[in-house]
Structures are given as C-alpha cells and as structure tokens.
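A short worksheet on the structure shown next.
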Amino acid sequence: MPDKLRVRFAPSPSGYLHTGGARTALFNYLWAKGQGGSFILRVEDTDEERSTEESMRAIISGLQWLGLDWDEGPDPGEFGASIGPHAPYYQSMRRPLHQQYMQRLWDEDKVFYCPATAEEMTGSDGIKLLFSPYRDISREEQQKRLADGQVMPVRFRCPRDVDVRWEDAVRGEVKISSNEVGDFVLFKGNGAPLYNFVVVCDDIDMQITNVLRGEDHISNTPKQILLHRALGQEPPMFGHVPLIVGMDRQRLSKRHGATAVDAYEEMGVLPEAMVNFLALIGWAPGDDREKMTLAELKTAFDPTRCTKSAGAFNQDKLKHYNELYIRELSADELTERLRPFVPPIWFEHRGEDYARRVFVLQQEKISYLTEMEQNTWYFFRDPLEEDSNEKNVAKFLTGNADAKKVLGEIHDAMESLSDEQWAEERLTLIVEAFVESSGLGRGKVMQPWRVALTGDSISPGFYDLVVTLGRDTVLRRVEEWLKKL
RNA sequence: GGCCCUAUCGUCUAGUGGCCUAGGACGCCGCCCUCUCAAGGCGGAAACACGGGUUCGAGUCCCGUUAGGGCUGCCA
C-alpha cells in the first residue's frame, strides 16, 4: 500500500470500554503504527439517546491506560474538543458534512423518502421486507409528501442482484448479495442520520484507508461499500476480527465477571499485561513468542494472521501475564505502581526506602497489585492478637511446648547484637547455633518466630523478614509473646 | 425462521498436502529445591468434532452432518 495507512477506532460512547472494544482498538493501533500510519479515534455518538459524556470519558481513559495513543481524535484534556486535521472527531458535530453528502445522493437520485408504514414494510410471512415498496416512488411524489409535512425516513435505493465483494483482511474474500442488504435507512424520520451513512461520510472525509472491527459488523460492510460507491469513492480495506467470548463460549457479559478494562486497572492489572493478553486472543505472531511488549506487537502485527474463530477470555492467563510483568518491574517502578494500592501512611511509616524494600520482598509472590497490601501489612503495624491466624498461633506458639525456649533463647542471643550487627550473617550464626544445640529442625525454629513476627505462617524468607523489620521491632514483637507463653 | 461465519489439548494458539508418533503457553498433576508461601528447574496427563470424498499421502483441499456464534433496528 503506497499511501500511509489511516486506521480508526470508532467506539460509540454508550457504555464503558469493554475488553472486546479494547482489543479492537489495540489491533487497529497495532496495524496503523506498525505500518507507520495514523491511528484515529472517532466518537460515534450519533445516537444521542444513548451517548453519554461519562462513557466517552471512560473510553478515553481506558485507551490512555492501555497506552493506545491516537494521532487524531478527541482532545483528552478538554472534553468535546478535538485535535487533528479533520476535526471535529465527534460525529454528532459533523452534521453539515453529512448533509452535504446526503444532498449529493439526493441530487443523483440514489436515495428516496420512504412513506412506507411499519405494516407496509412487513411481508405476508410477518418478516421485515428488505426492499421498500416505494423505492421507485417519483421525486415529485416525494416532494409533495414532504411539502404536506409527512414524516419519512430516507432510504438508500439498494441495487438488486449485485454481489458485493471485498477482500477481507482477516477472512479473505467475502461475498454478500445486495438482495440481502435491502433499502436501508440513512436518516430517521426526525432527520437524524444513522450509523451506516455517517460512518461512510466520515471515513471518506477522514481518508480512512483501513477498517478493522468486530465480526458483528460484517452485515454492515456491504451497506457501507455500496454507499462508498454511490458517493463515487473506492471503499477502504475491511477486516473483521472474531468476537471475544467467555469461557462458556457465550458472549461476554457481567456474568463472566469484569468486562470493563477499568475494572482490571482497579484490580491491579498492569496495562502492559492487559495489552499482551488481549493481543493474543485472536492473533498470534506465528512463532512461539508469547510475552510481547506494545512495541514488539507493533512490528509483528499482521491482520491476516488473525484467527477466524472466537477466542475465550481466560482470566488465568491474564493473571499469568500480570505476574510476569510485575516481576520484571524495577524497585522504583514497582513502588510507583503500588502507590495507589496501599495506604499512603505506609510511605511515611519508616520512609520510602523501607516501603520499597518491603515491596521487593513480595514482588515475586503477588499476581495483582491489590495483593500487596494484604501480604505486607505486618511490616507497617505490629500484628495484634486478632490479626493473627488462630490456628497457626495455636500450632506454633500457644500449643507448642518448645515455643518459649525457641523464642526465648534466640531472642536473648539476638538482643546482644547491635543495630550494626543486625544482618543476615550474624543472625544466621545465632539461629544455626540454636538449631544445633536444641536438636530442633529449622522449620520448628523458624515457624514459631514467623508467627510471632507476622501473625501467620507465611512470609518472606526468615532472614529477610528479621533484617527488614529491624532489631527493635523484632525484639518487641517476640517479647510480647514471651510474656504470654 | 432467513442469511452469513466458525470448528486443533479445559483455554489461548502453531500448523497453508509429506518436516506432525501434532509444537508452544495458561491451567492441572508429580518430582527437585526449601525455614513457610511463592518463584525457579525437571517431568507428565491432555486436542486435529463426526462422516464421506480428492490424493501415492489430509489437521491441512472439497462436500455433508453436528455443534457454536453473528446478523436479521428509523441502535452502533
């Protein structure tokens, strides 16, 4: 393709950005940017009944979160404003253009005002008619009815018996008979333009070269191709990607849990994990690569490699990608990403460095950012009796005959250490000496300590725990238990 | 109902007539490591929906069946 690709993502702001839409946006972005083209965001808000500003804001922030920056489209900084040579990018603001194209179709007699009632558009079998019985009504008659104040929709006079074909970027040649299309409506009786017409006007005006969308749009494609031709334009290249379904192969819905991307953001999913995961539903690079960054995806993406069957949203896999990306974060990055997910006071408790050290200790153990808080709280607060796991307290402390000795002897030895000596090397000497003299296994020694220090039997490695908590905290917590045993 | 689409392990997929006794990943199971939990390492179970063709040869091409899905709006 000699000309630069111009690809658009055109969501209708009637809900949140769901995972299917996010993936469509991603594929469009990858296709455009991989070819050095432009990624355009256009708001399909022709249905004023259902479009909301709130929804548009959610979609914009969802795309931004994923890192899918658009070259032209709504100004993310100012709602309603647009950036780009074909502004505005809100369809509802492009009425003059739509009127202009409508005028052309009218002048060339390619559309007609349809006076058919609902009954007249219904066949004897009760099924909707595709072609209007008034499609050949004279212009004089149309104008007369208009003059009489009759409210009529404008329909496209669809040619009969022609095959509409296109080379679909993902499914190859597709052919649909115009007899399956019919005289579809362009303008409602109240004068409001409809989707199929507006899309074509805007795609022409914005010089869109490639359209990649969900396969639920396949039946719209012949309508749009017919309209492009009626307007004397070569249609863009179309591609239709399969839908994303739930693990039960049903269309994604609330039943399947979170469907909005911002819900995953709140869940502590990293955008790079989400992007990677989404990219591999319905597409694969062809080699065995699985973990790919947005940049890598850009260069590898090829719509002809898209799958033709629906892919299921497997949250276990998303979780896996999230673990992968969390693990490779630097200490600083990890801390910044975690900031919205833990109490602000944690950073003041003993300072940023302390918080960072704690987070790194658990970095490899969490699947979602939201899990950090529940895994590290005891680094920021002494575990109270009620914070502690009752069963483990009973097993390793209160119901353990060796507990007093294990805690006491090691405590006394540790107490002789200065803050400077409080490091893994010296601590190891103490613990190992006790292990040897007592004849108890390391597990029998370390578990009571772990429960005393954290309230539970699960924690980072013993020395990491003791060193990070520090001398004062460790001794204080153990002394508390010594009093009770 | 009509029109259209799809069909490889539970899931995401590789596979474009011989390289396939079907590869990778998630999940699952086992073992190793080990102070707990993870991580990591090693290994394992697990699929070409079914039936006909075409061909020397079919997961790969064709037809049918079955099963899913989409569309069928004066929504997008």
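Here the structure is a predicted model, which is why all the values come from computation and not from measurement. Within every chain, numbering begins at 1; the chains are lettered A, B, ... in the order of the sequence lines, protein sequences first and strands thereafter.
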Taking only N/O atoms, report every protein-nucleotides 60-67 of chain B pair under 3.5 Å with atom names and distance.
none

Show the nearest heavy-atom pair for residues Glu215(A) and Leu243(A), with the distance to one decimal. N-CD1, 3.8 Å
Can you tell me if Arg305(A) touches the phosphate of rG15(B), counting only side-chain N or O atoms and a distance under 4.0 Å to OP1 or OP2? yes
Strictly under 3.5 Å: I want the nitrogen or oxygen pairs between protein and nucleotides 28-34 of chain B, one per line.
none

For the side chain of Glu290(A) and the base of rG24(B), is some donor closer than 3.5 Å to an acceptor across the two? yes
Mark this stacking check for His240(A) against rG70(B) as yes or no, applying ring centres under 5.5 Å and ring planes under 30°. no
Looking only at N and O atoms, is any donor in the side chain of Asn220(A) or the base of rA76(B) less than 3.5 Å from an acceptor on the other one? yes
Does one side chain, of Thr454(A) or Asp456(A), offer a donor that lies under 3.5 Å from an acceptor on the other? no
Side-chain N,O (Arg327(A)) to OP1/OP2 (rG40(B)) below 4.0 Å: yes
Quick one: sort the Phe27(A) and Phe301(A) rings into parallel, tilted or perpendicular, breaks at 30° and 60°. tilted
Partner nucleotide of rA7(B) by Watson-Crick or wobble geometry (both distances under 3.5 Å): rU66(B)
For atom C1', what is the distance between rC9(B) and rA14(B), given to the nearest Å? 13 Å
Report the nucleotide, chosen from rG27(B), rA25(B), rG70(B), that has the shortest atom-to-atom distance to any side-chain atom of Leu243(A). rG70(B)
Has Gln250(A) got a side-chain N or O lying under 4.0 Å from the OP1 or OP2 atom of rG68(B)? no
Give a yes/no answer on whether the side chain of Lys188(A) brings an N or O atom under 4.0 Å of OP1 or OP2 in rC75(B). yes
Can you tell me the base-pairing partner of rG27(B)? Count Watson-Crick or G-U wobble geometry only, both distances below 3.5 Å, and say none if there is no partner. none
For Ser177(A) and Asp163(A), indicate whether the former's side chain and the latter's backbone hold a donor-acceptor pair under 3.5 Å. no
Is the phosphate of rG70(B) approached by Arg213(A) (side-chain N or O, under 4.0 Å from OP1 or OP2)? no
Check whether the side chains of His98(A) and Asp202(A) place a donor and an acceptor atom closer than 3.5 Å, and report yes or no. yes
Look at the aromatic rings of Phe184(A) and Phe156(A) and report parallel, tilted or perpendicular, splitting at 30° and 60°. tilted
Strand partner of rU34(B), provided both Watson-Crick or wobble distances fall under 3.5 Å: none
Classify the side chain of Lys291(A) versus the base of rA25(B) as yes if they form a donor-acceptor pair under 3.5 Å and no if they do not. no
Report the nucleotide, chosen from rC35(B), rG69(B), rA76(B), that has the shortest atom-to-atom distance to any side-chain atom of Met446(A). rC35(B)
Judged by modelled atom types alone, do Arg213(A) and Thr24(A) share a side-chain donor-acceptor pair under 3.5 Å? no
So, Ser51(A) and Asp45(A): side-chain donor and acceptor under 3.5 Å apart, yes or no? no
Could you go through residues 7-19 of chain A and list every donor-acceptor pair under 3.5 Å that involves a side-chain atom there, pairing it with any protein atom two or more places apart or in another chain?
| residue | atom | partner | partner atom | Å |
| --- | --- | --- | --- | --- |
| Arg8(A) | NE | Asp203(A) | OD1 | 3.1 |
| Arg8(A) | NH2 | Asp203(A) | OD2 | 2.9 |
| Ser12(A) | OG | Ser14(A) | OG | 3.3 |
| Tyr16(A) | OH | Thr259(A) | OG1 | 3.1 |
| His18(A) | ND1 | Gly20(A) | N | 3.3 |
| His18(A) | ND1 | Gly21(A) | N | 3.3 |

